[in-house]
Undergrad: 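Quick one: the structure is below, questions incoming.
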Number of protein chains: 2
Amino acid sequence: MSHDSCHCILLRKAARKVSSYYDEALAPLGVNIGQFSLLRHINRMAPVSLTALGAAVELDRSTVGRNTKVLEKMELVESAPGDDHREMVLSLTPAGRALLAEGSPLWDSVQDDIEARLGADNTRQLQDLLAAL
Amino acid sequence: MSHDSCHCILLRKAARKVSSYYDEALAPLGVNIGQFSLLRHINRMAPVSLTALGAAVELDRSTVGRNTKVLEKMELVESAPGDDHREMVLSLTPAGRALLAEGSPLWDSVQDDIEARLGADNTRQLQDLLAAL
DNA sequence: CATGAATGCGTGTATATACCCGCATTGGGC
DNA sequence: GCCCAATGCGGGTATATACACGCATTCATG
């Protein structure tokens, strides 16, 4: 069987490699794919709490908190106390929205490259397989 | 198209999720899948330098150095200066070999579970697709 | 309305991962 | 045999990620 290559390690390698594609494309904007993905989610969900954002991106709340703090320092995201004073609600700054607009075509192009390399059927198949894990 | 879900983010999610399967199985031994994978490689390649090990697992040398340092503290791996005095060569301690023997069936069982869930054909397909990325 | 449970966060700690810099050692050209 | 380039490493820094703990706030129940 395939009892030599660990599925987990192969997945990690693939994730690192593919991440680097997106990171390179977004590098001119000074953000990486993880940050860009967060910006997209914040844009769509704003004003959004850390907990809700974490649930949406399936990352630990503390992870999201630390990652968004970097985006705040870059002045792409701003946070304010929510109506519920326990919450911090996040939204994009104008600069954040601008970056999203600039980055979208770059993101699209990486996405298209990957789909072109794999083919449409294989792309769908890959997504299905990943979801089935 | 699939222009909503980022291939990269999906891959990362899948990698985290699958990693957790292996991690849970190996938890009784006190190591995670990344460490277990390193132990396997060191066992196969010993005595091996950090640079060679990094090339084998496709990780940065400094990453491998830091990860193996943890394994050294656990006394699963030992390091010694190589013939070339710039190199540090790694090998498993008896405890490391014992852990590898104990862990192998646990690793196999996660591997089997995944393959059973996907099916043999899909497993192969997934590996091919990951390699094509 | 008062109090204990639940919720939301920040921080500490640990691993994973990369890149860069500086130091030590080695090796090749002369 | 000497010197400079190449190689190997450690440590600094930065992000990614999770879990556990403690604090503040809210809410539900009596």
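Values reported hereafter were calculated over all heavy atoms of this structure, with side chains retained and with hydrogens, waters and symmetry mates removed. Below, chains carry the letters A, B, ... as their sequence lines are ordered, and counting in each starts from 1.
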Undergrad: Measure CG/A:Leu53 against C1'/C:dC9 and give the value in whole Å, please.
TA: 14 Å

Undergrad: Starting at CG of B:Asp84 and ending at P of C:dA24, how long is that distance when rounded to a whole Å?
TA: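 So the CG-P distance, B:Asp84 to C:dA24, works out to 16 Å.
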
Undergrad: How far apart are the closest heavy atoms of A:His7 and B:Ile114, and which atoms are they?
TA: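 Minimum heavy-atom separation between A:His7 and B:Ile114: CD2-CG2, 3.8 Å.
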
Undergrad: Between B:Arg66 and A:Arg86, which has a closest nucleotide on DNA chain C that is more 5'?
TA: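 Its nearest nucleotide being more 5', the pick is A:Arg86.
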
Undergrad: Whole Å only: how far is the CD1 atom of A:Ile33 from the C1' atom of C:dT17?
TA: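 Rounding to the nearest Å, CD1 of A:Ile33 and C1' of C:dT17 are 17 Å apart.
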
Undergrad: Between the side-chain atoms of B:Arg61 and the base atoms of D:dG10, is any donor-acceptor pair under 3.5 Å?
TA: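 Answer yes: a donor N or O sits under 3.5 Å from an acceptor.
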
Undergrad: What's the closest nucleotide to the side chain of B:Leu50 if the choices are D:dC19, C:dG10, D:dG10?
TA: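 Looking only at heavy atoms from C-beta outward on B:Leu50, the closest nucleotide is D:dG10.
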
Undergrad: Write down the distance between CE (B:Met88) and P (C:dC23), rounded to a whole number of angstrom.
TA: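 Rounding to the nearest Å, CE of B:Met88 and P of C:dC23 are 20 Å apart.
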
Undergrad: In a check of side-chain contact (heavy atoms from CB on, under 4.5 Å) between B:Val64 and each of B:Thr51, B:Val48, B:Val57, B:Ile42, which one passes?
TA: B:Val57

Undergrad: Indicate yes or no: at least one non-hydrogen side-chain atom of B:Cys6 is less than 4.5 angstrom from one of A:Ile33.
TA: yes

Undergrad: Remember a base hit wins even if backbone is also touched, and classify A:Thr63 as base, sugar-phosphate or nothing at under 4.0 Å, heavy atoms.
TA: base

Undergrad: Can you name the closest pair of heavy atoms from B:Met74 and B:Gly30 and give their distance?
TA: CE-O, 4.0 Å

Undergrad: Roughly how many Å is it from CG in A:Leu71 to C1' in D:dA14, rounded to a whole number?
TA: 14 Å

Undergrad: Report the distance from atom CG of B:Asp60 to atom C1' of C:dT15, rounded to the nearest whole Å.
TA: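 Between C1' of C:dT15 and CG of B:Asp60: 16 Å.
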
Undergrad: Under 4.0 angstrom, heavy atoms only, what part of the nucleic acid is B:Ser62 near: base, sugar-phosphate, or nothing?
TA: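 Base: the residue B:Ser62, judged by heavy atoms under 4.0 Å, touches a nucleobase.
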
Undergrad: Under 4.0 Å from OP1 or OP2 of C:dA16: is there any side-chain N or O of B:Asn32 that close?
TA: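 Checking C:dA16 against B:Asn32, a side-chain N or O does come within under 4.0 Å of OP1 or OP2.
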
Undergrad: Send over the distance from B:Glu87 CD to D:dG10 C1', rounded to a whole Å.
TA: 15 Å

Undergrad: Counting only side-chain heavy atoms from C-beta out, which of C:dT25, D:dT25, D:dT17 sits nearest to B:His85?
TA: C:dT25

Undergrad: Is the CD atom of A:Glu72 crowded by more than 12 outside heavy atoms at less than 6.0 Å?
TA: yes

Undergrad: Write down the distance between CD1 (B:Ile9) and C1' (D:dT17), rounded to a whole number of angstrom.
TA: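 Those two atoms, CD1 and C1', are 13 Å apart.
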
